[in-house]
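To start, the structure under review is shown below, and the notes come after it.
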Amino acid sequence: MNNQQTMDALKTHEIPGRVTVFSGKGNLPAVRVETEAGEAEVYLHGAHVTGFRKKGEEPLLFMSGSSDFLPDKPIRGGVPVIFPWFGPREGQPGHGTARITDWDLTESLLLPDGAVRLSFHLPCEEAAGVEFIVTVGSSLVMEFVVTNTGTADFTFENCLHTYFQISGIHGIEVAGLKGARCLDSLTGTERVEEAETIRFTAETDRIYQDTAATAEIRDPGLGRSIFVRKSGSMSTVVWNPWIEKARRMPDFGDDEWPHMVCVESCNVGEHAITLAPGGRSVLRVEIDSAPLA
Ligand code: TA6
């Protein structure tokens, strides 16, 4: 949905040496943030974080080289903002409308610790005030905030559908989800996760429910662990498309599936959120990394 702030309006939010507004791929407006500790890139289309790296490190986020950058298409990779529903919906865009809407940049702020905070607002949303706040520093902190500004209850799903850059899907493992209820989206089966860590040997598409746990992506190939710390989220989705699904996705390279994994912080299914009028919900995710212990 096209609601593009003019470049002149966007450039009023620039901070010399820290925040730069530019015309990105597909001539879509984007914001580059550079701090002493880390740097990031965010497109106004979908308020989509397309890059984050800590100083001197490999990027933490995966971006597909085949991604579209079109007004009516989602960007493939980075952090798709999924709202107000997760997954397919008859006659509607998959994973909701927020990721294919042009958001407004409402504030850029240099914080005392040297980090930069960007605030985005989702226009044309009647029932709720929707903000997305991105803080770039030695980690990436994202807060998805929904306030029910209507006069009736408002129910929605939300998800920060993060794509992580990894050395190779066969060599990584994801820890932190043991004991969570696991809904397998491919088989429709449900079980409790008994493994200490998740390893990948085929297409994997799982919704872990009733979990507020930090997920850790252990990547010996890159000698690092990525931590996905969250609050205000009771669902975690783990996804890798593997060979056949990758081939079926036109905006995803056939050879890209070994180099990414999605660990998504959400509230989906029975954890969909219902806000009474005036109610407020905050989904907060911090992405950080450390040398592999
Ligand atoms: O989060 C996992 C998932 O729901 C998968 O089923 C897969 O469809 C993925 O999202 C990507 O969805 P998209 O609509 O972005 O192609």
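Whatever order the structure lists ligands and atoms in, that order sets their numbers, starting from 1. Computed from a prediction, not measured in an experiment: that's the story for all the values here.
The closest approach between Arg99 and ligand 1 falls below 4.0 Å for a heavy atom of the residue. Using a 4.0 angstrom heavy-atom cutoff, Phe252 does not count as in contact with ligand 1.
Cluster annotation: Phe252 is not connected to Leu70 through the hydrophobic network of ILVMFWY side chains, with a link wherever side-chain heavy atoms come within less than 4.5 Å.
Ser235 pairs in a side-chain hydrogen bond (donor to acceptor under 3.5 Å, both in side chains) with only one of the listed residues (His271, Glu270, Lys230, Gln209), which is Gln209.
Nearest to atom 16 (O) of ligand 1 among the protein's heavy atoms is Arg76 NH2, 2.9 Å. Scanning the protein heavy atoms around atom 8 (O) of ligand 1, the nearest turns out to be Lys245 NZ, 3.3 Å. Among all protein heavy atoms, the one lying closest to atom 3 (C) of ligand 1 is His95 NE2, 3.8 Å.
Ring centers of Phe86 and His95: under 6.0 Å apart, within the cut-off.
Between the choices Asp205, Ile75, Ile207, the shortest heavy-atom distance to atom 5 (C) of ligand 1 belongs to Asp205.
The side-chain tip of Arg76 does not point at the ring of Tyr163 from less than 6.0 angstrom away and within 45° of straight on.
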Original post:
Going through the checks in order, is the side-chain contact (heavy atoms from CB on, under 4.5 Å) test met by Phe69 and His45?
Top reply: CA-CA 9 Å; Phe69 286 85; His45 184 61; over 6 Å; no

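Residue-ligand proximity, Glu264 to ligand 1, at heavy-atom distances under 4.0 Å covers atoms 1 (O), 2 (C).
The closest side-chain donor-acceptor pair between Lys25 and Thr50, if any, does not fall under 3.5 angstrom.
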